[in-house]
Chemist: 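One structure is given below, represented as structure tokens, and several questions about it will come after.
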Amino acid sequence: MDYRFKAIEQKWQKAWKTKQTYKVEVNPDKPKYYVLDMFPYPSGAGLHVGHPLGYIASDIFARYKRLNGYNVLHPMGYDAYGLPAEQYAIQTGQHPAITTARNIARYREQLDKIGFSFDWDREVQTCDPAYYKWTQWAFIRMYNAYYDYDAAQAKPIEDLVKAFESNGSYKPGQQVALLNVACSEEMAFTAAEWKAMNEEQQHNVLMNYRLAYLGDSMVNWCSALGTVLANDEVSEGVSIRGGHPVEQKVMRQWCLRISAYAQRLRDGLDNVDWTDSLKETQRNWIGRSEGAELVFKVKDSDSSFTVFTTRADTIFGVTFMVLAPESALVSELTTAAQKAEVDAYLASTKKRTERERIADRRVTGVFSGSYAINPFTNEAIPVWISDYVLAGYGTGAIMAVPAHDARDYAFARHFNLPIIPLIEGADVSEESYDAKEGIMMNSGFLNGLTVKEAIERTKTYVADNKLGRIKVNFRLRDAIFSRQRYWGEPFPVYYKEGRPYMLDEKDLPLELPEVDRFLPTEKGEPPLGNAKNWATSEGYPLELNTMPGFAGSSAYYLRYMDPHNDQALVDTAVNHYWKQVDLYVGGTEHATGHLIYSRFWNKFLYDLGVVCEEEPFKKLINQGMIQGRSNFVYRIKDTNTFVSYNLKEAYEVTPIHVDVNIVSNDILDLERFKQWSPDYANAEFILEDGRYVCGWAVEKMSKSMYNVVNPDDIVERYGADTLRLYEMFLGPVEQSKPWDTNGIDGVNRFLRKLWSLCTSEEDFSFSNAEPTPEELKALHKLIKKVSWDIEHFSFNTSISAFMICVNELATLKCNKRAILEPLIILLAPFAPHFSEEIWEALGHTDSVCDATWPTCNEAYLVEASINYPISFNGKTRFTLELPADTDNAAIEAAVMAHPASQKWLEGKNPKKVIIIPKKIVNIVV
RNA sequence: GCCCGAAUGGUGAAAUGGUAGACACGAAGGACUUAAAAUCCUUUGGCCAUAACGGCUGUGCCGGUUCGAGUCCGGCUUCGGGUACCA
């Protein structure tokens, strides 16, 4: 009987739908398991064969867990807001909601064909008001919260107001130490001063502490496009799209105080099962450095400023100070004599993005005219301004120690500033000595100490003499949360007297309004400025910005737990059942974006008591990228003649991409090529052995390379089960690899071979005979291997194991129920349609999804004899079959008695004989 | 520059420190067939040798540890990914 995959797959996809096979509910009687894929952005191009790779892996795991008795949550949805739909809307006038819905429908159709075990009743779309209601809700909660470092927790802003009322911004009962809370800038005021403030002043003060706050940040502003651009959208001072001028501008935008969580985001990495490289990437991104803040007085002035340093021990080598050009101190410290020069410098840096400033390592800078006083030596040191210091990190000012910092060194050399070595034996004539090793010199009371000791001594000195304070700094910056776009979540914010206020939670969701055009307004406002009546019922104007892409993806995993709840983001009892994502599968490209934001978002909700787990994603697997494998034809210059790959050297040729879908095993289908484009209708060919052989290369999978392979085409030709198997068979999931449809026949043959074991000419056919030890061994070897492999996400090797087992059973002509039934359960996670069909044929009325995973009986695996490799000096020379229970002495005797041994001993006595029982024998001569 | 990862046949790849190349694809030869498809069998890292047995060599490069290294350690090379003057 033929394996008719099309009919089988349609039959079971329909059955699963009607029987709601994949519907899942909270069930306290079963252990839970939550398997999640990073949800896709539904692009207009549809899925290509690379997208389902991670989904197939997670689906196998989800099905495996279910077979092992778990209640498995395995949902899917769409990250539906995004720029491509908006861009398309600007070009065509087509509303992004319409294109997005169309793309989602197409994705769904493609996903359905692959046979995933998603519970579609739980689908979420980030652009659905019922969904983004909870994104807006979380934003309001962040606005109404501040972060208490001492409690390491977010708290309601009312608590902070109470603290201000009783003791100002100082710690309870103190007038010196400030509250240890996250803020944009340190503010010192008493309770009396707080109470004396008017509403607007208090409003502004609180904004300094809120977790969602309006803040000033430096952005790449493009007035022609009416929007802020990311660093990689700008080059040489103009926008990449359109080439419009871009300038650095301070803009007031919504920000999330994610930096408050830096320490916890770092610490939390110790409690998740992610790869070390991914955790390391996050640690670097968070970037913790321990150091000291030192206060420097300005010479001949009452003012002073603070710098952050991790090398306070090098204070005796400070020969100049540097301010970031954006620093507020610049105008304060620039003297009249230097003003013109400084202004010119500021104007030139303003044109360049931060990235450009960083990328080219030209040394630039200007002297401010002022001097600072070294608090340790009381010497006057010049204050410079240079763009190698960033306003956004530390205090935007540094003390420069050219002898021991490469950047300071380059600067000192360029401007001829003194370089004082502080470590014995360090040669700083050519480059700085940056290592934290050696014995101090030229450093007053630190002389003779090691660098490590000096760092500690300096810290104590700074604290004792009140010259500054010990501080931990993080690289992680607050997230800018405003976008000048249409297609995103509206902020639940309105403005009264220019001040922002949150909508009442009961008025959520605030739905995205209709606009007649998706571009900025004439006045340069964001697209929402085009909306009519975009105001509260009282007439207060609503926020015109929308939220960024990561807003909707930061808590979607929680919403899947309870997707239809309109009273809460997620019900507490439901959250306590599903807890967190046990397995998260997605690409590495989200390492520092989504995976930081959602951890932050989750921790915030945890502080609020909304969720019970502090980390959202317990285990994470990164699937590799599927690259394209392009094919080429070679056209002889100035002709319409194409020469086959191995003959092309004799001609001058132009390689041309050819659609991989008209090439098979690198052999071009000539007829289809002629039809492919009118240009080639009259093409002529120089063939080798009557065939046209194409060249190939691994490139990105993209339309322009004509190497896109569509999963629908594969399903059409081979079936979904073959596609699933082949995607997994290609290699380890984490590894990137090119897609090459050549080779898919192998897994397809495997399925057909197994099918023919289960069938006769006309019908299914199983034997009820007792299995032989050989058959049992083949099966139990497979059970052991597949179970281990799935647990370790090594799906490619399990498929090999299936092939080996089926090859063995085919040789044994085994169609015994006792063997095939467990085998089908093992195969069910990989090839669900195929397995359901056989499972039904075996007489079952329930789904194979609810079978029980077989267990391996080691007794069947015991080998009676071992084929020992016999090696001499580590080189295997022959093998020797011995009973498994032969002891070492007997093994040695048997080896020595073997005629081949005499040859390799060459008459010498063995120095040593190493016998590893059941493994190997090695004779050292 | 820094951090992370990788490198094994014509191709995708496999190998708790223990017979390198399992399992597949492709290729070559053969069986069945009027023919083709499908299926089945044989060979397939390289070199040498051959009637046959066989021998040498081989996991990016150079060293080291070990009875034994694709695997562990040190030093490189190349490629891929991330990051970007973080004081």
Chemist: Which one, B:rA22, B:rG18, B:rC25, comes nearest to the side chain of A:R749?
Modeler: B:rC25

Chemist: Mind checking the P distance from B:rA24 to B:rA15? Whole angstroms is fine.
Modeler: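 Looking at atom P only, B:rA24 and B:rA15 are 16 Å apart.
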
Chemist: With heavy atoms under 4.0 Å as the rule, sort A:I804 into base, sugar-phosphate or nothing.
Modeler: sugar-phosphate

Chemist: Identify whether NZ of Lys or CZ of Arg in A:R629 sits under 6.0 Å from the centre of the six-membered ring of A:W739 and within 45° of that ring's axis.
Modeler: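 Ring-cation test returns no.
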
Chemist: Of the candidate nucleotides B:rG18, B:rA38, B:rA87, which contains the atom at the shortest distance from the side chain of A:R752?
Modeler: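 The nucleotide sitting nearest to the side chain is B:rA38.
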
Chemist: Counting side-chain heavy atoms from CB outward, which of B:rG18, B:rC86, B:rC23 is closest to A:N807?
Modeler: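 The closest nucleotide is B:rC23.
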
Chemist: Look at the side chain of A:D740 and decide which nucleotide, out of B:rU11, B:rA13, B:rA24, has an atom nearest to it.
Modeler: B:rU11

Chemist: Quick check on RNA chain B: between A:G731 and A:L278, whose nearest nucleotide comes earlier from the 5' end?
Modeler: A:L278

Chemist: If you check every side-chain atom of A:S800, which of B:rU11, B:rA87, B:rC23 has the closest atom?
Modeler: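 Nearest nucleotide to the side chain: B:rC23.
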
Chemist: Determine whether the aromatic ring centres of residues A:Y726 and A:Y718 are separated by less than 6.0 angstrom.
Modeler: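 So the answer is no for these two rings.
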
Chemist: Going by purine N1 to pyrimidine N3 plus the second Watson-Crick contact, or the G-U wobble pair, all under 3.5 Å, which nucleotide sits opposite B:rG70?
Modeler: none

Chemist: Is A:R283 paired with A:D270 through a side-chain N to carboxylate O contact shorter than 4.0 Å?
Modeler: yes

Chemist: Return the nearest nucleotide to the side chain of A:R877; candidates are B:rA87, B:rC56, B:rG12.
Modeler: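 Given the options B:rA87, B:rC56, B:rG12, the side chain of A:R877 is closest to B:rC56.
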
Chemist: I'd like the C1' distance from B:rU16 over to B:rC4, given in whole Å.
Modeler: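 B:rC4 and B:rU16 have their C1' atoms separated by 25 Å.
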
Chemist: Kindly point out which of B:rA14, B:rA87, B:rC86 is positioned nearest to the side chain of A:V389?
Modeler: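 Closest of the options to the side chain of A:V389: B:rA87.
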
Chemist: For residues A:R877 and A:K875, determine if any side-chain heavy atom of one lies less than 4.5 Å from a side-chain heavy atom of the other.
Modeler: yes

Chemist: Expressed as a whole number of angstroms, how long is the span from A:F878:CZ to B:rG55:P?
Modeler: 11 Å

Chemist: Starting from P on B:rU39, measure out to CG on A:L757 and report it in whole angstrom.
Modeler: 14 Å

Chemist: To the nearest Å, give me how far apart NZ (A:K279) and P (B:rG81) are.
Modeler: 25 Å

Chemist: What's the closest nucleotide to the side chain of A:T876 if the choices are B:rC67, B:rU19, B:rA38?
Modeler: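 The answer is B:rU19, which lies nearest to the side chain.
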
Chemist: With no angle test and no hydrogens, is the base of B:rU11 tied to the side chain of A:K737 by a donor-acceptor pair under 3.5 Å?
Modeler: no

Chemist: Could you tell me how far B:rA52 sits from B:rC62 if I compare only their C1' atoms? Round to whole Å.
Modeler: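 Their C1' atoms lie roughly 41 Å apart.
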
Chemist: Nearest of B:rC86, B:rC67, B:rU39 to any side-chain atom of A:N922?
Modeler: B:rC67

Chemist: Side chains of A:Y393 and A:S289: any donor to acceptor distance under 3.5 Å?
Modeler: yes

Chemist: Would you say B:rU11 has OP1 or OP2 under 4.0 Å from some side-chain N or O of A:R629?
Modeler: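 Negative; the distance criterion is not met.
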
Chemist: Could you please name the option among B:rA84, B:rC86, B:rC67 that lies closest to any side-chain atom of A:V924?
Modeler: B:rC67

Chemist: Scan side-chain atoms only and decide if A:N922 and A:K912 contain a donor-acceptor pair under the 3.5 Å cut-off.
Modeler: no

Chemist: Whole Å only: how far is the CG atom of A:N665 from the P atom of B:rC25?
Modeler: 11 Å

Chemist: 5'-most contact on RNA chain B: A:G287 or A:T281, nearest heavy atom basis?
Modeler: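 It is A:T281 whose nearest nucleotide is closer to the 5' end.
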
